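For reference, the structure discussed in these notes is given below.
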Amino acid sequence: MKVLIVGGVAGGASAAARLRRLDETAQIIIFEKSPYISYANCGLPYYIGGEITEKSALTLQTPQSFKTRFNIDVRVNSEVVEISPSQKNIKVINLQDGTAYYENYDKLILSPGAQPIRPPIDGIDSERIFTLRNVPDTYKIKDFIEENNPQTALIVGGGYIGIEMAENLSKIGIDVTIAELSDHIIGPLDFDMACEAERYLKKKGIKLLLKNGVQSFKQTDKHIEANLSDRTVSVDMVLLSVGVRPDTKLAIDAGIKTNARESIVVDSYMQTSSDNIYAVGDAVEVTEFVSGNKTFIPLAGPANKQGRIAADNICGLQTEYKGTQGSSILKIFDMTVASTGLNEKTAKLSGFDYDKVYTLSTSHASYYSGATNMTLKTIFEKTTGKILGAQIVGFDGVDKRCDVFATAIRAEMTAFDLTELELCYAPPFSSAKDPVNMAGYVIENILTGKVKQFHWHDVKNLPRDGSVHLLDVRTKEEYVRGHIEGFINIPVDELRENLNLLDASKRVYVNCQSALRSYIACQILSQNGFNCYNLSGGYRLYESVMENASFNEKLSQPCGASCQ
């Protein structure tokens, strides 16, 4: 059996190694357009920022090591320009000498990946404007920085690569501005969870221009002028990070079925519409695991799994790919942001009858030194309690909690199941009630009617005419430092003695700092005949969202000559 693989990074390299482990006699050839295979593209920003110091650390395998270990023929600087499914061959251009040749196959795996989006706007071809997708892109940026010593940079796009590059450019002394077309950074997060990350980025000196798209670029002698939606920014260099698109022209030209986004359509065995041709990685359409919708989720983990599955099926094992849930994590200086499953936007678009809870937990037992806070947002189905998605923003321990949520979602667990999880506990690592358990407890209380809740976006519509009680149960000192307009202060520890101040015929909306004391207050009030609602996430979340909402509103106003 002769298997050709187009693309030698995550999916292609994974497929090749799995094929060899399953079939020692197969002839396997990888074609890679760039000079590098199996490189750590997720680590590229950290080489630019100096966290990774050796070039060799970026390349996980070389053509020589693949040949030695797996007896696989790896041909770098080799671009596949044509596929002929009827002839079962491909046309290859040797990019070093320009020669062309044909190679036949029994099975073909396409792993062309995705390419950065470069919008068709004026000035975008400037030598001071970069994208970051592969090793040559990395060296180009690194060389430019070393040769030109830029002092300022604009990053267009606040997604994962944009945020990682903001951190790494800042670490080497460059003043960084991020321009993001949306009203918040980090697309998989909802607006309310992104606010905390935005606040932290600003604290670290990163400027954020939200709701600002690029209209055009203009290069001067040593600078780039970026004309944004409401201002002009002059910087020394620009990084475009506005997303990627599947690199599928080769497949389209071969008549292989693609969707409206030009992703290659595959079945659960990773087979395309063409016999004997498989496709994996960022170029393929995937099924979103929770909703069942077809979508585009370019991530390294799924690409590696898909490569393995394609190899299994070529070797007759009939393994199926069961969907992508978008589990992802991001380092922002010392902060960690992670998410898995659906966010609110996708839950709503998918037609789920959902609700959400916000919980604030410490990374480990608070009495053990070094504990830090993490904010969790858990999205669940109202009728069943099934976990649909989770987002976590914090510091230590975010990764392992999001991994537990990812596992729970894959196992189709409910909030009730979360309460029963027996997770590892010792004071340096967690609490006896782990943050994941706590999210389950809070949802269980809601589903079983023990407490009712309202959210930060409901606050503005609460009556201020005396027809309801608005109650802040934090301490007097906390209340004085800041509170929600219209809320009166009765500390929870004084509530029982002051019930006579409240009218039981009126609904009561209660908040505290994190929603824990206000939950206790609601239990006191409910058992004394009051109809009580608890502010999910508490004042801490509300304040974070309102601060950024105000900031975003200011950005949406014309800024005049002072921005020029």
Side-chain angles (χ1 to χ4, degrees), residues 2-20 26-44 47 55-83 89-105 107-116 131-140 244-254 256 264 270 272 277-284 298-300 302-304 306-308 310-311 314:
K2 183 176 182 180
V3 183
L4 306 184
I5 300 174
V6 180
V9 191
S14 177
R18 177 67 169 174
L19 278 167
R20 176 57 73 223
Q27 182 182 2
I28 305 168
I29 307 174
I30 298 176
F31 300 89
E32 171 57 47
K33 182 166 59 175
S34 82
Y36 307 95
I37 64 154
S38 190
Y39 55 82
N41 50 358
C42 295
L44 300 181
Y47 175 73
K55 285 185 176 182
S56 59
L58 296 176
T59 50
L60 306 178
Q61 294 281 355
T62 65
Q64 294 75 24
S65 66
F66 246 72
K67 181 66 176 177
T68 301
R69 177 66 57 85
F70 297 109
N71 190 27
I72 291 171
D73 182 1
V74 178
R75 304 179 189 178
V76 295
N77 298 305
S78 298
E79 182 177 7
V80 178
V81 295
E82 184 181 310
I83 301 170
N89 67 24
I90 62 173
K91 182 179 180 180
V92 186
I93 302 293
N94 184 325
L95 297 179
Q96 291 184 309
D97 60 19
T99 58
Y101 63 95
Y102 290 87
E103 198 77 51
N104 67 299
Y105 63 83
K107 303 290 183 182
L108 176 65
I109 300 176
L110 301 179
S111 182
Q115 55 187 346
T131 57
L132 180 61
R133 184 66 183 174
N134 53 39
V135 174
D137 290 343
T138 308
Y139 293 161
K140 187 177 179 182
V244 296
R245 61 166 59 95
D247 189 1
T248 52
K249 183 178 184 302
L250 183 66
I252 293 169
D253 290 346
I256 295 170
I264 299 171
M270 306 313 299
T272 70
I277 299 179
Y278 295 76
V280 301
D282 294 351
V284 305
L299 291 170
N304 277 278
Q306 292 160 10
R308 179 186 175 94
I314 287 173

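No experiment lies behind these values; they were computed from the predicted model shown. Values below: every heavy atom of this structure, side chains too, minus hydrogens, waters and symmetry copies. Numbering starts at 1 and runs along the sequence shown.
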Flag side-chain contact, heavy atom, 4.5 Å: Val76 against Tyr36 = no

query = At their closest point, which heavy atom of Pro112 faces which heavy atom of Ala283, and how far apart are they?
reply = CG-CB, 3.6 Å

task = Provide the full list of salt bridge (charged side-chain N to carboxylate O under 4.0 Å, His left out) pairs with a residue in residues 93-102, sequence neighbours left out, each pair given once.
result = none

query = What do the steps show when you test Ile90 against Leu108 for side chain to side chain contact (heavy atoms under 4.5 Å, CB included), and what is the final call?
reply = CA-CA 9 Å; Ile90 62 173; Leu108 176 65; 4.2 Å; yes

query = Can you list the steps and then say if Ile30 with Phe66 is a side chain to side chain contact (heavy atoms under 4.5 Å, CB included)?
reply = CA-CA 10 Å; Ile30 298 176; Phe66 246 72; 3.8 Å; yes

inquiry  = Using modelled atom types and a 3.5 Å cut-off, is there a donor and acceptor pairing between side-chain atoms of Arg20 and backbone atoms of Phe70?
reply    = yes

message = Any heavy-atom pair between the side chains of Ile5 and Ile29 that's under 4.5 Å?
response = no

remark   = Tested for side-chain contact (heavy atoms from CB on, under 4.5 Å) against Val6, the lone hit among Ile109, Ile277, Val80 is Val80

key: Reported CD1-to-CE distance for the pair Ile314 and Met270, which is rounded to 0.5 angstrom   = 11.0 Å

request  = Please list, chain by chain and in numerical order, all residues satisfying side-chain hydrogen bond (donor to acceptor under 3.5 Å, both in side chains) with Gln61, sequence neighbours excluded.
outcome  = Ser65

message = What verdict does the side chain to side chain contact (heavy atoms under 4.5 Å, CB included) test give for Ile83 and Asp253, after you've listed the backbone C-alpha separation in whole Å, the side-chain angles of each residue and the deciding distance to 0.1 Å?
response = CA-CA 8 Å; Ile83 301 170; Asp253 290 346; over 6 Å; no

key: Contact summary for Arg133 and Ala114, nearest pair of heavy atoms   = NE-O, 3.2 Å

ask   = What are the two closest heavy atoms between Val92 and Ser78, and how far apart are they?
value = CG1-CB, 3.9 Å

Pairing residues for Glu79 by the side chain to side chain contact (heavy atoms under 4.5 Å, CB included) criterion, not counting sequence neighbours = Lys33, Val81, Leu95

ask   = If every non-hydrogen atom of Gln306 is compared with every non-hydrogen atom of Val280, which pair is closest and at what distance?
value = O-CG1, 3.4 Å

inquiry  = Once side chain to side chain contact (heavy atoms under 4.5 Å, CB included) is applied, do any residues pair with Asn134, and if so which ones, sequence neighbours excluded?
reply    = Tyr39, Pro136, Asp137

remark   = Ala303 and Gly281 have their tightest heavy-atom pair at CB-CA, 3.7 Å

message = Applying side chain to side chain contact (heavy atoms under 4.5 Å, CB included), can you list everything that pairs with Ala279, at least two apart in sequence or on another chain?
response = Leu110, Ile264, Val266, Thr272, Val284

note = Minimal heavy-atom distance between Ala300 and Ala10, with the atoms involved, is O-CB, 4.5 Å

request  = Would you kindly check if the NZ (Lys) or CZ (Arg) of Lys91 is within the cone defined by 45 degrees around the ring axis of Tyr101 and under 6.0 Å from the six-membered ring centre?
outcome  = no

remark   = Sorted by chain and residue number, the side-chain hydrogen bond (donor to acceptor under 3.5 Å, both in side chains) partners of Lys2 (sequence neighbours excluded) come out as Glu103, Asn104

query = Is Arg75 salt-bridged to Asp73, going by a charged N under 4.0 Å from an acidic O?
reply = yes

